Enquirer: 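Below you'll find the structure I mean.
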Amino acid sequence: MKTHQKKVLIVEDDESIRKIIGIELKKEGIEVHEAINGEQGLAMLEDLHPDLLLVDVIMPRMHGMDLIHKLREAEWGRKLPVIILTNFADDPKVREIVAEAGYTLIKKASVKLQELIQIVISKLA
């Protein structure tokens, strides 16, 4: 029986962050797709139907929270695990939205790469 290779979409405007996370996830056997902004990410979500979305909040062309809102409008997107990776994790408004929706919130400046990879893997399990 063939097992389904897990797919992650990383939506992050910082190329270095996007690439290093992608490299590490690929080492774990995860299929990685990358988008440079929320608009591109939304288009890719509709085609890919990934197993997990890793998204930044502040991005050009479409804010990460707007992307998530649009994702949740689709039936399949309502159950998709979302990890929000941001430097605005301490913002009360961001915390409130995340707490209400049950997303995983990770502060970029304080997370270690391997810790982030383990969180992604645990959400895919």
Side-chain angles (χ1 to χ4, degrees):
M1 181 165 91
K2 188 176 181 185
T3 57
H4 166 73
Q5 183 181 18
K6 299 291 185 175
K7 288 187 282 192
V8 172
L9 176 59
I10 302 169
V11 185
E12 165 65 65
D13 59 322
D14 185 318
E15 183 179 11
S16 59
I17 292 172
R18 200 174 60 244
K19 294 293 182 195
I20 194 72
I21 294 170
I23 288 167
E24 292 302 312
L25 289 175
K26 288 174 188 174
K27 287 180 186 176
E28 298 293 332
I30 297 167
E31 183 180 327
V32 176
H33 300 269
E34 301 174 13
I36 61 171
N37 59 52
E39 199 173 83
Q40 184 184 44
L42 182 62
M44 291 176 74
L45 277 168
E46 293 170 0
D47 292 335
L48 285 174
H49 287 229
D51 298 293
L52 183 138
L53 172 64
L54 181 63
V55 63
D56 187 11
V57 173
I58 307 298
M59 292 183 293
R61 305 194 81 170
M62 181 185 288
H63 194 274
M65 298 311 286
D66 293 335
L67 168 64
I68 294 167
H69 179 72
K70 290 185 179 298
L71 165 71
R72 296 302 192 215
E73 290 174 0
E75 180 70 34
W76 69 270
R78 292 187 191 124
K79 296 180 182 117
L80 183 69
V82 173
I83 297 175
I84 299 170
L85 188 61
T86 183
N87 279 323
F88 296 94
D90 296 328
D91 182 302
K93 193 171 187 175
V94 172
R95 285 194 166 293
E96 180 183 334
I97 292 167
V98 168
E100 287 176 6
Y103 306 129
T104 301
L105 180 65
I106 298 174
K107 189 172 182 177
K108 283 183 193 180
S110 61
V111 71
K112 290 181 173 60
L113 180 59
Q114 284 309 312
E115 182 184 352
L116 173 61
I117 300 306
Q118 289 308 311
I119 292 168
V120 170
I121 291 169
S122 72
K123 296 288 180 187
L124 289 172

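Treat the numbers as computed from the prediction; the structure is a model and nothing was measured.
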Enquirer: Can you check whether E31's main-chain N or O pairs, donor with acceptor, with K26's side chain at less than 3.5 Å?
Expert: no

Enquirer: Atom NE2 of H63 and atom NE2 of H69: how far apart are they, to the nearest 0.5 Å?
Expert: 13.5 Å

Enquirer: Tell me if a side-chain donor or acceptor on R18 pairs with a main-chain N or O of I10 at a distance below 3.5 Å.
Expert: no

Enquirer: Assigning hydrophobic clusters by single linkage (Ile, Leu, Val, Met, Phe, Trp, Tyr; side-chain heavy-atom cutoff under 4.5 Å), is I119 placed with I17?
Expert: yes

Enquirer: For H49, enumerate each residue passing the ring pair (Phe, Tyr, Trp, His ring centres under 6.0 Å) test, keeping only those at least two apart in sequence or located in another chain.
Expert: W76

Enquirer: Do M59 and M44 share a hydrophobic cluster, counting only Ile, Leu, Val, Met, Phe, Trp and Tyr and linking them when any side-chain heavy atoms are less than 4.5 Å apart?
Expert: yes

Enquirer: Show which side-chain atoms of residues 35-42 pair as donor or acceptor with protein atoms under 3.5 Å away, not counting sequence neighbours.
Expert:
unit_1, atom_1, unit_2, atom_2, d
N37, OD1, E39, N, 3.1
N37, OD1, Q40, N, 2.7
E39, OE1, R61, NE, 3.3
E39, OE1, R61, NH2, 3.0
Q40, OE1, I36, N, 2.6

Enquirer: Same cluster for L105 and V8 if Ile/Leu/Val/Met/Phe/Trp/Tyr side chains link at under 4.5 Å?
Expert: no

Enquirer: Distance only, no hydrogens: is a donor on one side chain within 3.5 Å (strictly under) of an acceptor on the other, for T104 and K123?
Expert: yes

Enquirer: Report the distance from atom CD of Q5 to atom CG of L124, rounding to the nearest 0.5 Å.
Expert: 11.0 Å

Enquirer: Is the closest side-chain heavy-atom distance between E28 and I117 below 4.5 Å?
Expert: yes

Enquirer: Is it true that V11 and I30 fall in one hydrophobic cluster, defined by side-chain heavy atoms closer than 4.5 Å?
Expert: no

Enquirer: Kindly write out the residues that satisfy side-chain contact (heavy atoms from CB on, under 4.5 Å) with I20, not counting sequence neighbours, or none if the list is empty.
Expert: L113

Enquirer: How long is the span from the CD1 atom in I83 to the CG atom in L116, to the nearest 0.5 Å?
Expert: 6.5 Å

Enquirer: At what distance, to the nearest 0.5 angstrom, does CD1 of I121 lie from CG of L25?
Expert: 7.0 Å

Enquirer: Do K70 and E73 pass the salt bridge (Lys or Arg N to Asp or Glu O under 4.0 Å) test, and can you show the C-alpha distance, the side-chain angles, and the key distance before you say yes or no?
Expert: CA-CA 5 Å; K70 290 185 179 298; E73 290 174 0; 5.3 Å; no

Enquirer: Do you know the tightest heavy-atom contact between D51 and P81?
Expert: O-CD, 3.2 Å

Enquirer: Does a side-chain heavy-atom distance below 4.5 Å link V32 with I23?
Expert: no

Enquirer: Mind checking the CD1-CG spacing from I106 to L54? Nearest 0.5 Å is all I need.
Expert: 7.0 Å

Enquirer: State whether the side chain of R72 and the backbone N or O of L80 hold a donor-acceptor pair below 3.5 Å, judged by distance alone.
Expert: yes

Enquirer: Check for me, please, whether L71 and V57 land in the same ILVMFWY cluster - side-chain distances under 4.5 Å, paths through other members count.
Expert: yes

Enquirer: Should I21 and V120 count as side-chain neighbours, where that means a heavy-atom distance under 4.5 Å?
Expert: no

Enquirer: Do side-chain atoms of N87 reach the backbone of A109 as a donor and acceptor pair under 3.5 angstrom?
Expert: yes

Enquirer: Measure the CG-CG distance between L53 and L85 for me, rounded to the nearest 0.5 Å.
Expert: 11.0 Å

Enquirer: Between E12 and V55 (side chain of the first, backbone of the second, donor and acceptor by atom type, cut-off under 3.5 Å), is there such a pair?
Expert: no

